[in-house]
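In this text, all values refer to a predicted model and were calculated from it rather than measured experimentally. When reading the values below, keep in mind they use all heavy atoms of this one structure, side chains included, and skip hydrogens, waters and symmetry mates. Letters go in sequence order (proteins before strands), and every chain restarts at 1.
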2 protein chains.
Amino acid sequence: MEENNSSEVAKDLDEETLFVVSQTFKALSDPTRIRILHLLFHKEMSVNSIAETLHLRQSTVSHQLRFLKNLRLVKFRREGTTLYYSHDDEHVMHMLKQTIDHACHN
Amino acid sequence: MEENNSSEVAKDLDEETLFVVSQTFKALSDPTRIRILHLLFHKEMSVNSIAETLHLRQSTVSHQLRFLKNLRLVKFRREGTTLYYSHDDEHVMHMLKQTIDHACHN
DNA sequence: TGTGTATATTAGTATATATTCATATAATAA
DNA sequence: TTATTATATGAATATATACTAATATACACA
C-alpha cells in the first residue's frame, strides 16, 4: 500500500524543481524587480517610463526586464521603437500581491 | 473623490515594505533553504538529522536555520542538547508548497 | 542615405551570499 | 570535575548579484 507521494514522506526535491522554484523566488527577492512588477500590476509600461517613474537608469531597468522575461514573468509588445512590457504569470503576481498586502498596512 | 489606494494608481512601495517582501522571497530563493523547509513541511527535525538527510554540513544547516529563524519562518524547541526545528509561517509554507507543486510534475 | 529615439548588450566594479573550517558554547552524563 | 554530544558562531573564501557607463542595435522618418 503506497501513500500518495505528497503525503507522509518528504522525498528530497529533484534538481530541476529546485532550480525552477529557487529562480522563481529569486525574481521576487530584489527590491528593484519588486518595484517593476508592482508597476505592472495594472498596466503595461515602456522601459523608459518605468525608469522615469522609479528613478532608475534605463540600463538597470532593461537588465531586470531581461531577467524577468527569461523566467516568463513578463512579456512585451512592440510599437515602433517602443517596447511595452506587461506581466505574464498570474500565479507569481498573485503571490507578490499577497505578500505585499501582508507586509504593508496601508 | 479618492480611489481606494489599491486600485487605479500604483503608488511606489515604501522602503520597509520592500525590505520585508524582498527578504521573505529571498528566504525561498536558495536551494538549500528550500530543501530544509521542504523537510519541515510535515515534521520537526533536529539540526543534525537535517544535515544527514540532505548531505549537508552541520554548520551549513545551522547558518541557514539562523537565517530562517531571524525571519521567523522557523522556530525550535529544546530537548536536552538537541534542538528540534519546525516551520513557523503558514503563509510562506503555503507559497512554497504551491510553487513546488507548480514546478514539479510528480 | 543619414539622424533621432528607444532599447539591449557588454564589461567593469562593488556588494551580497553560501559554504567551509575551526572553534566556542551549552547541556548532559559519568 | 571531565568527557561527550549537539549546536552556534566567526573568519575566510569563492561565487553570485546588481548597478553603472559606454556602446551597440533596431526602428522610424526625413
ring centroid sep under 5.5 Å plus plane angle under 30, B:H63 with D:dT9: yes
Side chain of A:T81 (C-beta onward), nearest among D:dA6, D:dT7, C:dT5: C:dT5
Selection from C:dT19, D:dA6, D:dC19 that lies nearest to any side-chain heavy atom of A:T60: D:dC19
Minimum-distance nucleotide to B:S59 side chain [options: D:dA8, C:dT5, D:dT9]: D:dT9
Aromatic plane relationship, A:F25 with B:F25 - under 30° parallel, 30 to 60° tilted, over 60° perpendicular: parallel
Closest nucleotide among C:dT7, D:dA21, D:dA8 to the A:S62 side chain: C:dT7
Nucleotide nearest B:Y85 (side chain, heavy atoms from C-beta), chosen from D:dT7, D:dT5, D:dA8: D:dA8
Options D:dA18, D:dA26, C:dT9, nucleotide nearest the side-chain atoms of A:R66: C:dT9
pair B:T32-B:L56: side-chain heavy atoms closer than 4.5 Å: yes
A:Q64 side chain, from C-beta outward: closest of D:dA18, C:dT7, D:dA8: D:dA18
From C:dT17, D:dC27, D:dA6, nucleotide with atom closest to B:K26 side chain: C:dT17
Under 3.5 Å donor-acceptor pair, B:Q58 side-chain atoms to D:dA6 base atoms: no
